[in-house]
Amino acid sequence: MPVRGRFLTFEGTEGVGKSTQLQVASRTLDELGVDHLITREPGGTPMAESIRELLLAPRDEPVHETTELLLMFAARAQHLHTRILPALEAGRWVLCDRFTDATFAYQGGGRGVPEVRIAQLEELVQGSVRPDHVILLDVTVETGMQRARRRGELDRFEQEAVAFFEQVRNTYLRRAEQSPDRYHRIDAGQSLEKVSADVASLITGLVRG
Ligand code: TMP
């Protein structure tokens, strides 16, 4: 029976370079011979990807915060139970582009949903499962938004105002401060080479440590 793999999540506001750094982490794991799965939230299975489309599509109809919250956790339940947990149980590491910290940051910090409400759904959907390590790529909201805008059309979240993303970022930073053993803040405002080097060295440390 293989040892359970490790569950690593990548978080941050818009335009922090998560996708690029997930690839850096993946290459590092390849070099060290660690079998792993790369996935993302919301999404990661065909059904959860359909829910992602529902969530991200800009629409005229106002989306109630509870609808948004439940859809995030519906997608997560499907993804966690049918893809993430089987991979971890098979001994693979899982690199996930966002997870429940994003719900605390976006629906909690950004939309103002009480933290206790999110924690209840976290318990319902995940039981005791939490990421082993959270890699928080942190950059000022201004820099992140400039980068996100350069990528082209904005999704429903990217269309939010600066104040929304300030709350999102503050929530991430607060959570990282509360659990320094599990959260690793990386300054994503540095050069791409430096951010990539920081991520590679963090991942190497986690494999060897
Ligand atoms: P992405 O653009 O990083 O792939 O993420 C899609 C959007 O979904 C992003 O704007 C953040 C948002 N999101 C939440 O609001 N709550 C969540 O729980 C997750 C996973 C993502």
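For ligands, and for the atoms within them, numbers begin at 1 and follow the listed sequence. Keep in mind the model is a prediction, meaning the values are calculated, not measured.
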For Met72 and ligand 1, answer yes if some heavy atom of the residue is under 4.0 Å from a ligand atom, otherwise no. yes
Does ligand 1 have an atom under 4.0 Å from some heavy atom of Leu55? no
Numbered atoms and elements of ligand 1 in range of Arg76, under 4.0 angstrom, heavy atoms: 18 (O), 20 (C)
Which ligand 1 atoms, with their elements, are less than 4.0 angstrom from a heavy-atom of Lys18? 3 (O)
Sort and list the pairs that fulfil salt bridge (charged side-chain N to carboxylate O under 4.0 Å, His left out) and have at least one residue in residues 48-66, not counting sequence neighbours. Arg40-Glu49
Is the NZ or CZ atom of Arg76 positioned over Phe73's six-membered ring, under 6.0 angstrom from the centre and within 45° of the axis? yes
Nearest-option assignment for atom 10 (O) of ligand 1, heavy atoms, candidates Gln159, Glu14, Glu158, Glu11: Glu14
Atom indices of ligand 1, in the order listed, that fall short of 4.0 Å to a heavy atom of Tyr106: 10 (O), 11 (C), 14 (C), 15 (O)
Among Gly15, Pro42, Gly108, Ala105, the residue with a heavy atom nearest to atom 21 (C) of ligand 1 is Pro42
Check each of Ala102, Gly110, Ala75 against atom 19 (C) of ligand 1 and report the one with the nearest heavy atom. Ala102
With sequence neighbours excluded, tell me which residues meet salt bridge (Lys or Arg N to Asp or Glu O under 4.0 Å) with Arg4. Asp132
Is any side-chain heavy atom of Val16 closer than 4.5 Å to a side-chain heavy atom of Gln21? no
Find all atoms of ligand 1 within a distance of less than 4.0 Å from any non-hydrogen atom belonging to Leu56, and give their numbers and elements. 6 (C), 7 (C), 8 (O)
Using the rule that two of Ile, Leu, Val, Met, Phe, Trp, Tyr join whenever any of their side-chain heavy atoms come within less than 4.5 Å, decide whether Leu136 and Val141 are in one cluster. yes
Among Glu68, Gln107, Arg52, closest by any non-hydrogen atom to atom 16 (N) of ligand 1: Gln107
